[in-house]
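Both ligands and their constituent atoms are indexed starting at 1 by order of listing.
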Amino acid sequence: MSRSLDDFARRKLDALAARNLTRRVRTTARGPGARATRGEARMIAFCDNDYLGLSQHPDVIAAAAAATQKYGAGAGASRLVTGSGPLYEALEARLARLKGTEAACVFGSGYLANIGIIPAFAGPRDLILGDALMHACMHAGAKLAGAPTYLFRHNDVADCERLLRAHRAGAGTCLILTEGVFSMDGDRAPVAELVDLAHRFDAWLLVDDAHAFGVIGGGRGSGIGVDGRPLGVDLAMGTLSKAVGAYGGYVAASRAVTDYLVNRARSLIFTTGLPPGVLAAAGTALRLIEEDMSLTAAPLARARAFTSALGLPQAESAVVPLVLGDEARALAASAALEERGFLVAAIRPPTVPAGTSRLRFTFSAAHSEDDVASLIAAVRALGLVPETQPA
Ligand SMILES: *Cc1c(COP(=O)(O)O)cnc(C)c1O
């Protein structure tokens with residue numbers, strides 16, 4: 001083994017430590033009711049993305065177990081060989097129905113979906129415009145595409161239009177990338193306005209609904225109008241690993257688009273299909289989302305109880321940021337909450353811009369009202385929200 005490799009890694013780690021940016025994995029056992037244990041410590045988790053608690057739902061678990069018994073533990077091959085098992089078709093049909101599109105295509109994960117879809121529709125002669133706060137995997141997709149890429153100010157449709165006026169004319173295709181609910185800020189994109197803008201400039205809109213699906217729009221995510229009809233998002237992508245509680249990614253779109261992706265999305269072609277148990281879990285979770293509106297309303301209701309009690313801006317989704325600024329402060333706040341039995345992640349650069357390190361609270365249908373009340377009391381007691389600092 002190379003000594004210089006270790007030295008390299010150590011030097012990089014020391015530099016991260018000096019800036020309070022070290023990350024490490026911590027073994028966490030999750031259970032029902034948003035409960036989690038780390039070693040001996042039992043805590044309530046307010047940081048995962050299991051917004052509906054479906055990863056722990058008995059029907060979802062039973063479906064995964066039954067499918068594993070019936071079809072085996074793994075898919076055995078890529079989807080284009082023998083890895084597209086019998087559970088894919090029903091899952092894709094259900095996704096298309098929920099999103100109001102002609103078709104849907106399931107990928108190995110949300111990350112794999114974005115790094116496959118984006119390069120399939122844009123190349124070096126084309127154009128990509130992305131929201132300044134879009135997720136890392138959309139940046140990765142844009143890089144793989146090799147298209148000139150410009151970022152517009154967060155949720156600023158006028159700024160996106162300015163970039164279209166400046167750069168659209170000479171380009172072939174044009175993709176606009178955004179998130180239905182922003183993962184680290186919890187606010188929502190102006191999807192209807194972006195659909196309209198995209199149409200006017202012959203651009204195609206991709207909305208990443210990782211944190212919107214299952215939580216807003218009656219569980220159907222963003223891109224659904226008040227009348228329940230789809231707004232016309234060209235590429236409605238999302239993940240099956242957050243509110244759906246399983247694993248995998250998807251895009252809901254026209255049949256032509258999904259047929260094309262099967263031919264051109266490298267992250268679908270050159271990777272193994274999802275395990276049958278995962279597909280069954282996702283299918284059952286989607287049924288629960290479709291059937292139970294009260295389930296999908298719960299995360300936002302819990303988040304709003306939290307923001308209104310603490311005088312924070314009203315939650316727009318299940319994600320509530322509390323920006324503290326510097327990394328050490330965010331880490332200390334997270335550690336203090338953990339001591340009181342609450343798991344709340346400190347989010348630092350490069351996940352968020354420098355100077356905006358924060359606590360990221362997430363709310364789930366799995367939380368009881370008492371869970372939320374005890375979190376509110378802890379946040380107050382620690383003086384994390386200025387207005388509620390103890391005397
Ligand atoms: C989590 C996330 C992804 C990745 O989804 P996975 O299924 O976990 O790979 C993509 N986009 C956004 C905005 C996310 O938050």
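Side-chain contact between Leu175 and Asp126 is absent, with no heavy-atom pair separated by less than 4.5 Å.
Residues meeting the side chain to side chain contact (heavy atoms under 4.5 Å, CB included) test with Arg340, sequence neighbours left out: Phe342, Ala378, Ala381, Leu382.
Around ligand 1, the residues contributing at least one heavy atom under 4.0 Å from the ligand are Ser109, Gly110, Tyr111, His135, Cys137, Glu179, Ser183, Asp208, Ala210, His211, Thr239, Ser241, Lys242, Gly248.
Judged purely by distance below 3.5 Å, without hydrogens or angles, the side chains of His211 and Tyr51 pair a donor atom with an acceptor atom. Side-chain atoms of Ser357 and Arg348 include no donor-acceptor pair closer than 3.5 Å.
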TODO: Please report the C-alpha distance between Arg200 and Asp196 in whole Å, then the side-chain angles of each, then the deciding distance to 0.1 Å, and finally whether the salt bridge (charged side-chain N to carboxylate O under 4.0 Å, His left out) criterion is met.
DONE: CA-CA 6 Å; Arg200 285 197 286 125; Asp196 180 60; 3.7 Å; yes
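A salt bridge links Arg30 to Asp50: one of the charged nitrogens lies within less than 4.0 Å of a carboxylate oxygen.
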